[in-house]
Amino acid sequence: LLSPPCLLDFGRSSELAFVVEPSDDVAVQEQPLLLYCQVEGIQPITITWRKNGAVIVDSENAFVLANGSLYVSRFQRIRGDGSSDEGEYDCVAQNHYGLVVSRKARIQAATMSDFHVHPQNAVVEEGGVARFQCQIHGLPEPVILWHKNRMPVNTDNERYTLLPKGVLQITGLRAEDSGIFHCVATNIANVKFSREARLTVSGSHSTVYKDPMILVGPENLTLTVHQTAVLECIATGNPRPIVSWSRLDGRPIGVEGIQVLGTGNLMISDLTVQHSGIYVCAANKPGTRVRRTAQGRLVVQGQADGWDGSCSAVHPAGTCSIPPGTPAGALSGMLFPLVSPRSTLSIYGINQADEAIYQCIAENSAGSTQASARLTVLWADGLPGPPQAVRAETVSATTIQVSWKEPLQNTKEIIGYVLHIRKAADPVEMEYQEAVSKSTFQQLVTDLEPSTSYSFYIKAYTSRGASKASEVTVVSTLGEVPAMPSLFIKVINSTAVQATWEPSIKLGQHEGFKLFYRKVHLSQYTGPVLLASNITAYNITHLDASVVYEVKLLAYNQHGDGNSTVRFVSLRETVERPALNPPCDCMKDEQNNKTSTTGIIIGIHIGVTCIIFCVLFLMFGYRGRLLMCKNVQEQLSTPQIPRSQRSAAGLVLNGAARRDRDERDLTGKQLDMNELERLFPAAPCREQQDKGTPPARSPPADTQISTLPLDEFSII
């Protein structure tokens with residue numbers, strides 16, 4: 001904010017500016033050519049012209065008029081000496097305030113080539129569509145008209161559509177449309193006729209249904225702003241299809257400058273950059289969703305115009321901004337070439353010598369333009385001079401100390417100093433500042449990068465402004481040594497260890513590692529062992545297992561050795577461990593372990609199975625005893641069953657009736673009461689014990705043990 005102010009009249013400088021600039025033109029061979037240039041400003045003003053950058057000297061053929069315009073008496077595309085009047089012309093105006101250059105005007109000779117596309121004979125049925133085309137190149141763009149039977153085509157007929165690029169469309173053909181057609185091309189250079197083509201209309205209008213079909217769709221076009229684009233789309237079908245247009249990106253086409261030619265051709269007048277896009281032509285069958293489409297891309301290039309100038313209040317500078325949509329533009333200023341999109345010319349450390357008229361010129365394939373502005377620098381009287389004896393000394397890899405002496409004049413109003421700091425390799429806009437009090441004549445600049453050059457200069461400030469800058473001094477910071485590496489020690493055996501580490505990310509050039517080791521009770525190290533930067537491990541062998549070792553590792557580069565990392569390691573445990581635990585046959589142990597594991601699993605299964613069997617045995621044994629006791633009681637209290645009835649009952653095992661065996665058992669030994677009491681002396685029924693009633697006794701009759709039902713027993 002203390003920078004000196006600047007006055008910049010942007011757009012047009014009252015001291016010197018263009019009112020009229022030369023424009024692009026097409027000249028006719030052997031005809032005169034006039035290029036306009038009009039300047040306003042403070043006299044005297046000198047006007048000169050240049051062609052392709054070279055100054056044009058007045059001659060019979062070309063000279064400057066009193067109003068500043070250039071007159072060429074006889075334009076020639078090729079002269080006898082091989083030179084040409086074609087080229088890029090600009091007007092240069094100069095007075096004591098400065099110099100300005102006009103836009104470049106491109107001058108070309110009018111030409112016309114032969115037709116490279118001629119109309120072709122066509123036979124089309126009645127009600128169909130006919131299309132003829134012819135193409136020719138020329139400067140300026142030739143105007144193409146069509147003749148039928150050697151007479152101009154009636155353009156009032158709505159069925160006849162003439163497109164600017166030499167296309168004739170005839171829709172809804174009738175018998176009277178038959179004839180001979182040719183086109184005529186005209187410009188200021190010449191008039192030319194194409195070959196003739198015959199149109200034959202055959203048959204009568206057909207009523208057979210035909211799907212919509214696009215005969216010719218839109219082409220890809222590249223134009224400049226303010227031109228006119230014609231996107232062709234001609235379709236056929238029965239019934240006659242309806243042609244519609246849309247943009248592929250979904251944006252509306254709009255209505256301003258939009259016109260439909262014939263039955264479906266789209267014309268866009270006064271093109272802008274916003275008209276760029278992909279356009280889709282659709283042929284729709286009436287009343288249905290049946291359609292056919294074709295598409296074409298339109299690219300609109302912006303001309304280099306609409307430039308302005310402005311002044312930055314913080315950094316006095318001339319500024320030109322490129323308007324949006326200017327493709328592939330190049331920006332140049334006097335002695336300061338710039339390339340788009342960098343469109344700002346900044347002047348740092350401004351002084352009175354920078355007063356001038358600044359101009360920026362933009363060029364692209366569509367043309368060129370320019371804008372100018374005058375920079376006026378205002379300086380206050382009585383400002384201090386520049387600080388003296390600026391010195392910079394390197395303190396460390398990240399610190400530099402800058403010192404200076406006060407200016408030689410006007411020092412009483414100084415309120416402070418500003419130190420300007422910048423990497424020497426960086427652009428000026430990367431500069432930053434540090435403020436210093438008026439009584440301090442040195443500053444310690446920290447947080448710098450190692451091995452980097454920095455530039456310094458100082459300004460003294462008063463309440464009215466800043467002094468001129470001091471001389472610039474450049475100094476480099478010291479290099480930085482690598483950081484400490486991470487070190488890890490792994491015991492390999494009783495006489496060897498392995499050192500591994502992670503390298504530092506700040507090694508620089510000629511980097512590497514140094515490894516030292518020693519017995520802790522000794523002062524002398526073994527080493528250094530020099531290792532390359534890509535090595536991250538090293539084995540230390542032939543060690544004494546009875547002592548403790550110290551291992552030290554550091555990284556180094558061209559700036560010196562870094563700090564070291566120290567680790568201690570003992571091999572004694574590796575010696576004692578084998579005595580306590582003799583070595584084993586690992587393969588055998590592994591097999592044993594596998595066998596033991598299998599045995600354990602089988603044993604667990606067997607044990608669980610046994611437990612289950614025992615539980616089941618106890619449960620069913622107890623249940624069977626209760627049943628036996630109950631049946632004995634019933635037998636003792638039940639009258640004797642005749643033998644003939646007893647033979648009907650039998651014992652059934654596993655679901656099979658064993659009648660023969662049961663009959664033999666019934667005729668076997670008979671049990672009397674004494675034998676029952678002997679078999680079950682101490683097993684009274686629990687139910688009777690609970691009631692306190694002794695079991696009833698029957699007379700010692702002929703009694704059999706009753707058979708049990710089938711579901712009372714199970715065999716495992």
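Values in this document were obtained by computation on a predicted structure and should not be read as measured data.
Under a 3.5 Å cut-off, the side chain of Asn220 and the backbone N or O of Arg297 do form a donor-acceptor pair. Proximity of a side-chain donor or acceptor of Trp49 to a complementary backbone N or O of Gly68 within less than 3.5 Å is detected. Between the side chain of Thr236 and the backbone N or O of Val129, no donor-acceptor pair lies under 3.5 Å. Listed for the Gln295 side chain is no donor-acceptor partner under 3.5 Å among the backbone atoms of Tyr279. Side-chain atoms of Asn121 come within 3.5 Å of backbone atoms of Arg198 as a donor-acceptor pair (strictly under, hydrogens ignored). Using a distance-only test at 3.5 Å, with no hydrogens or angles considered, a donor-acceptor pair links the side chain of Gln359 to the main chain of Val101.
The one candidate from Lys104, Arg50, Lys51 that meets the side-chain hydrogen bond (donor to acceptor under 3.5 Å, both in side chains) condition with Asp90 is Arg50. Checking Arg77, Gln76, Arg79 one by one against Asp85, the side-chain hydrogen bond (donor to acceptor under 3.5 Å, both in side chains) holds for a single residue, Arg79. None of Thr171, Asn154, Asp177 except one satisfies the side-chain hydrogen bond (donor to acceptor under 3.5 Å, both in side chains) rule with Arg159; the exception is Asp177.
Checked against ring pair (Phe, Tyr, Trp, His ring centres under 6.0 Å), Phe181 has the following partners two or more places apart in sequence or in another chain: Phe132. Scanning for ring pair (Phe, Tyr, Trp, His ring centres under 6.0 Å) contacts around Phe115 gives His118, with sequence neighbours left out. His182 meets the ring pair (Phe, Tyr, Trp, His ring centres under 6.0 Å) test with His147; sequence neighbours excluded.
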Decide yes or no on salt bridge (Lys or Arg N to Asp or Glu O under 4.0 Å) for Glu429 and Lys423, but give the supporting numbers first. CA-CA 11 Å; Glu429 56 265 27; Lys423 288 183 183 179; over 6 Å; no
For Arg74 and Glu30: C-alpha separation, side-chain torsions, deciding distance, then whether salt bridge (Lys or Arg N to Asp or Glu O under 4.0 Å) applies. CA-CA 5 Å; Arg74 293 175 58 230; Glu30 300 294 334; 2.5 Å; yes
As a quick check of understanding, evaluate side-chain contact (heavy atoms from CB on, under 4.5 Å) for Arg240 and Thr263, giving each step before the final call. CA-CA 10 Å; Arg240 182 179 173 181; Thr263 59; 2.4 Å; yes
Step by step, work out the side chain to side chain donor-acceptor pair (under 3.5 Å) result for Asn61 and Ser59. CA-CA 5 Å; Asn61 182 61; Ser59 63; 5.4 Å; no
Evaluation steps, side-chain contact (heavy atoms from CB on, under 4.5 Å), between Val273 and Val225: CA-CA 7 Å; Val273 176; Val225 293; 3.9 Å; yes
From CA spacing to verdict: salt bridge (Lys or Arg N to Asp or Glu O under 4.0 Å), Asp211, Arg291: CA-CA 8 Å; Asp211 285 334; Arg291 60 187 311 209; over 6 Å; no
When you look at Leu173 and Leu199, which way does the side-chain contact (heavy atoms from CB on, under 4.5 Å) test go after all the steps? CA-CA 10 Å; Leu173 283 172; Leu199 172 63; 4.1 Å; yes
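In this structure, the side chains of Leu162 and Thr155 come closer than 4.5 Å at one or more pairs of heavy atoms. Between Ile45 and His96, every side-chain heavy-atom pair lies at or beyond the 4.5 Å cut-off. With contacts defined as side-chain heavy-atom distances shorter than 4.5 Å, the pair Glu431/Asp426 does not qualify. Contact annotation: the side chain of Gln169 never approaches that of Tyr160 to less than 4.5 Å [non-hydrogen atoms, C-beta and beyond]. Inter-residue side-chain proximity for Ile107 and Leu35 is flagged as met; some heavy-atom pair is nearer than 4.5 Å. Put simply, the side chain of Tyr89 does not reach to within 4.5 Å of the side chain of Pro22, judged on heavy atoms. Side-chain contact check for Ser102 versus Val92: every heavy-atom pair is 4.5 Å or farther apart. The shortest distance between side-chain heavy atoms of Leu261 and Leu163 falls below 4.5 Å.
Across all their heavy atoms, Ala294 and Gly217 have their closest contact at CB-CA, 4.1 Å. The minimum heavy-atom distance between Thr224 and Val300, with the atom names listed, is C-CG1, 4.0 Å. Considering all non-hydrogen atoms of both residues, Ala229 and Leu221 come closest at CB-CD1, 4.4 Å. Here the closest non-hydrogen pair linking Ile136 and Pro142 is CG2-CG, 4.0 Å. Minimum heavy-atom separation, Ala93 to Leu16: O-CD2, 3.6 Å. Here the shortest heavy-atom pairing between Ser202 and Val123 reads OG-CG1, 4.1 Å.
No donor-acceptor contact under 3.5 angstrom links the side chains of Tyr432 and Arg422, judged on distance only. Under the 3.5 Å distance criterion, with hydrogens and angles disregarded, no donor-acceptor pair is assigned to the side chains of Gln259 and Asn265. A donor and an acceptor atom, one from each side chain of Arg289 and Asn284, are nowhere located under 3.5 Å apart.
Screening residues 130-142 for side chain to side chain donor-acceptor pair (under 3.5 Å), with sequence neighbours left out, gives His116-Gln135, Arg131-Gln133, Arg131-Glu232. Within the structure, the side chain to side chain donor-acceptor pair (under 3.5 Å) test picks out the following pairs touching residues 184-196 (sequence neighbours left out): Asp114-Lys192, Arg150-Glu196. Residue pairs meeting the disulfide (SG to SG under 2.5 Å) criterion with at least one member in residues 91-144, sequence neighbours excluded: Cys37-Cys91, Cys134-Cys183.
Surrounding CD of Glu158 are at most 12 heavy atoms belonging to other residues, nucleotides or ligands under 6.0 Å away. Surrounding CD of Glu176 are more than 12 heavy atoms belonging to other residues, nucleotides or ligands, all under 6.0 Å away. Heavy-atom contacts from other residues, nucleotides or ligands closer than 6.0 Å to CD of Gln43 number more than 12. At most 12 non-hydrogen atoms from other residues, nucleotides or ligands lie less than 6.0 angstrom from CD of Glu219. For Tyr36, the OH atom is loosely surrounded, since the number of other residues' heavy atoms within 6.0 Å does not exceed 12.
Going from atom CG of Leu298 over to atom CG of Leu271 covers 6.0 Å, rounded to the nearest 0.5 Å. In this structure, CD1 in Ile170 is found 9.0 Å from CH2 in Trp146, a value given to the nearest 0.5 Å. Cys233 contributes atom SG, which lies 4.5 Å from atom CD1 of Ile214 (distance to the nearest 0.5 angstrom).
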